[in-house]
2 protein chains.
Amino acid sequence: MSDPALWTALADPHRRAIVALLLERPRPVGEIVEACGLSQPSTSKHLKVLREAGLVRVRQEAQRRVYALDPAPIARLDIWLAPYRELWNRSLDALGSRLDETAPDTPEDPAPKD
Amino acid sequence: MSDPALWTALADPHRRAIVALLLERPRPVGEIVEACGLSQPSTSKHLKVLREAGLVRVRQEAQRRVYALDPAPIARLDIWLAPYRELWNRSLDALGSRLDETAPDTPEDPAPKD
DNA sequence: CAGTTATATGCCGGTCAAGGAATACGCGTG
DNA sequence: CACGCGTATTCCTTGACCGGCATATAACTG
């Protein structure tokens, strides 16, 4: 949930790109290299980070190494997100009623000051 | 969606802690400083990062500055997450049917090799 | 077993982010 | 208007990360 490796792995745009590529289908390193336009070593290093964050698994297929997404870590992300989802549902509700009533004043905060 | 600032903002554990604090309720800086055990300047800098990522908004209240979560960016995170959610639903399904049928062979991949 | 393909690792220089200390700024108060 | 409080900003140093290059490793091929 507050797994630092997971977040730092996803913090990099290239790595998010790789993750997006692997969402479509598992791919060998060569394909990923081509797709994201980085050098092969850089790509391998990014894959290492993703591997150590648990985001991807590797399957050795002859000389090729086929990388695939592991759903679990992203599921943890979703769990982390859950409490916040409630937050913006609340604010959508608020927006809805404001639009609905053509708000006379702006009740921005119900002041939940404990 | 692929907003780099958002991800880098959340990549830091301290900042995620701040975000979690603000989920409970809006808070002035002093409270955040106490809660996360950092120096006041460090905390202010983290708040700046969160602000520039759009994750928080500030309300000036006398000398105090009260920070509150803005739901929108985390909603974008959720949108980013959506395609992956489908992925792990698929794998949960697969697990389910495997458990259900006491799998004779292991149909790991439906081979979506285009 | 030599050669080739596919991937990983080590090393290096540049860049960037984090934390601490000192300081500046804004706002209310006497 | 001087002062005090709460917060932001600057400067500095240190440590992490990124990318490229060269090289090592592993696996198939003949």
Side-chain angles (χ1 to χ4, degrees), chain A residues 2-22 25-70 73 109 113-114, chain B residues 2-22 25-70 73 113:
Chain A
S2 57
D3 188 350
L6 175 58
W7 285 99
T8 54
L10 289 173
D12 185 88
H14 288 136
R15 283 190 298 256
R16 283 200 304 280
I18 293 177
V19 165
L21 281 173
L22 296 182
R25 55 186 153 97
R27 295 174 192 259
V29 178
E31 233 178 282
I32 302 172
V33 168
E34 257 188 283
C36 69
L38 278 177
S39 72
Q40 177 269 314
S42 284
T43 307
S44 258
K45 277 181 272 188
H46 283 303
L47 285 171
K48 182 177 190 174
V49 175
L50 292 172
R51 225 186 306 137
E52 289 175 345
L55 275 162
V56 300
R57 354 180 281 276
V58 208
R59 195 182 36 149
Q60 187 126 9
E61 191 173 286
Q63 311 101 319
R64 234 158 253 132
R65 293 198 172 204
V66 180
Y67 280 80
L69 272 188
D70 187 332
D109 273 22
K113 278 275 167 78
D114 70 324
Chain B
S2 55
D3 187 351
L6 175 59
W7 285 99
T8 54
L10 289 173
D12 186 89
H14 288 136
R15 282 190 297 256
R16 284 200 302 281
I18 293 178
V19 165
L21 281 173
L22 294 183
R25 57 186 151 94
R27 297 174 192 258
V29 178
E31 233 178 283
I32 302 172
V33 168
E34 255 189 285
C36 68
L38 280 177
S39 72
Q40 178 268 316
S42 285
T43 307
S44 258
K45 276 182 274 187
H46 282 303
L47 286 171
K48 181 177 189 174
V49 175
L50 292 172
R51 225 185 307 138
E52 290 176 344
L55 275 161
V56 299
R57 358 179 278 277
V58 208
R59 195 181 37 148
Q60 187 127 9
E61 192 172 284
Q63 312 102 319
R64 234 157 252 134
R65 293 198 171 204
V66 180
Y67 279 81
L69 272 189
D70 187 332
K113 282 268 167 87

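Labels below follow one simple rule: chain letters A, B, ... track the order of the sequence lines, proteins then strands, and each chain is numbered from 1. What you see below is based on every heavy atom in this structure, not just the backbone, and it leaves out hydrogens, waters and symmetry mates.
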- Look at the side chain of A:R51 and decide which nucleotide, out of C:dT9, D:dT7, D:dG19, has an atom nearest to it. C:dT9

- Query: Does a side-chain N-to-carboxylate-O contact under 4.0 Å join B:R25 and B:E31?
  - Reply: yes

- Task: Ignoring backbone atoms, test whether B:R15 places a side-chain nitrogen or oxygen under 4.0 Å from the OP1 or OP2 oxygen of C:dA18.
- Result: yes

- Would you say D:dG20 has OP1 or OP2 under 4.0 Å from some side-chain N or O of A:S42? yes

- Query: Less than 3.5 Å between a donor and an acceptor, one on the side chain of B:Q40 and one on the base of D:dA8, is that the case here?
  - Reply: yes

- When rounded to whole Å, the CG to C1' distance for the pair B:L47 and C:dA17 reads 16 Å

- Message: Here's a test of your reading of the structure: between A:P41 and B:T43, which maps to the more 5' nucleotide of DNA chain D?
- Response: B:T43

- Mind listing the closest non-hydrogen atom pair of A:L22 and A:Y67 along with its distance? CD2-O, 3.4 Å

- Euclidean distance, atom CD of residue A:E52 to atom P of C:dA8 [Å, nearest integer]: 12 Å

- Expressed in angstrom and rounded to an integer, what is the separation of B:D12 atom CG from D:dG15 atom C1'? 14 Å

- Atom CZ of B:R65 and atom P of C:dG28: how far apart are they, to the nearest Å? 12 Å

- Report the distance from atom CG of B:L38 to atom C1' of C:dA18, rounded to the nearest whole Å. 10 Å

- Task: Give B:K48 one of three labels, base, sugar-phosphate or nothing, depending on what nucleic acid heavy atoms sit under 4.0 Å from its own.
- Result: sugar-phosphate

- Spacing of A:R59 atom CZ relative to C:dT7 atom P, expressed in whole Å: 13 Å

- Message: Categorize B:S39 for me: base, sugar-phosphate, or nothing, with a 4.0 angstrom heavy-atom threshold over every strand shown.
- Response: sugar-phosphate

- Mark yes when over 12 heavy atoms from residues, nucleotides or ligands other than B:R51 sit less than 6.0 Å from its CZ; otherwise mark no. yes

- Message: Which is more 5' along DNA chain D, the nucleotide nearest A:Q63 or the one nearest B:G30? Just name the residue.
- Response: B:G30

- Does B:H46 put a side-chain nitrogen or oxygen below 4.0 Å from OP1 or OP2 of C:dG19? yes

- Task: Would you please confirm or rule out a distance under 4.0 Å between OP1 or OP2 of C:dA6 and any side-chain N or O of A:R64?
- Result: yes

- Item | Main-chain N/O of B:L21 paired with B:R27 side-chain donor or acceptor, under 3.5 Å | yes

- Message: Rounded to whole Å, please give me the gap between CG in B:L50 and C1' in D:dA8.
- Response: 15 Å

- Task: Starting at atom NZ of B:K45, determine the distance to atom P of D:dT10, rounded to an integer number of angstrom.
- Result: 11 Å

- Pick the nucleotide of DNA chain C nearest each of A:V58 and B:Q60; which residue has the one closer to the 5' end? A:V58

- Message: So, does A:Y67 get its side chain near the phosphate of C:dA6, meaning an N or O under 4.0 Å from OP1 or OP2?
- Response: no

- For residues A:L10 and A:V19, determine if any side-chain heavy atom of one lies less than 4.5 Å from a side-chain heavy atom of the other. yes

